Amino acid sequence: MNSIYFDLILSGLTYVILTYLTFQLMKRRKVNNGTDDDEGGVSEFIPPHINLPPGVVWPDSPLVKKRKPEKAY
């Protein structure tokens, strides 16, 4: 038997074992045994309020501009 066939068989066997173990570990992680602290409601994420120095605004903040009165003709 050529060494290439031996390498292919061992590589295939390694692939099958790793795939099997991966799916088994993912299946175990999904199990919920009811010990979580979540009450089943929708979790709300409220970001913290960060004080910015004067003159610095968030990109989504509205810009405050003084409007010049327009002349009506």
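Values in this document were obtained by computation on a predicted structure and should not be read as measured data.
For Leu21, the side-chain contact (heavy atoms from CB on, under 4.5 Å) criterion is met by Ile17, not counting sequence neighbours.
How far CG of Leu8 is from CG of Leu13: 12.5 Å, rounded to the nearest 0.5 Å. Taken to the nearest 0.5 Å, the CG atom of Leu10 stands 15.0 Å off from the OH atom of Tyr5. Of the inter-residue distances, the one linking Asp7 atom CG with Asn2 atom CG reads 10.0 Å to the nearest 0.5 angstrom.
Leu18 and Phe23 fall into different hydrophobic clusters, where Ile, Leu, Val, Met, Phe, Trp and Tyr are joined by side-chain heavy atoms under 4.5 Å apart, directly or via other members.
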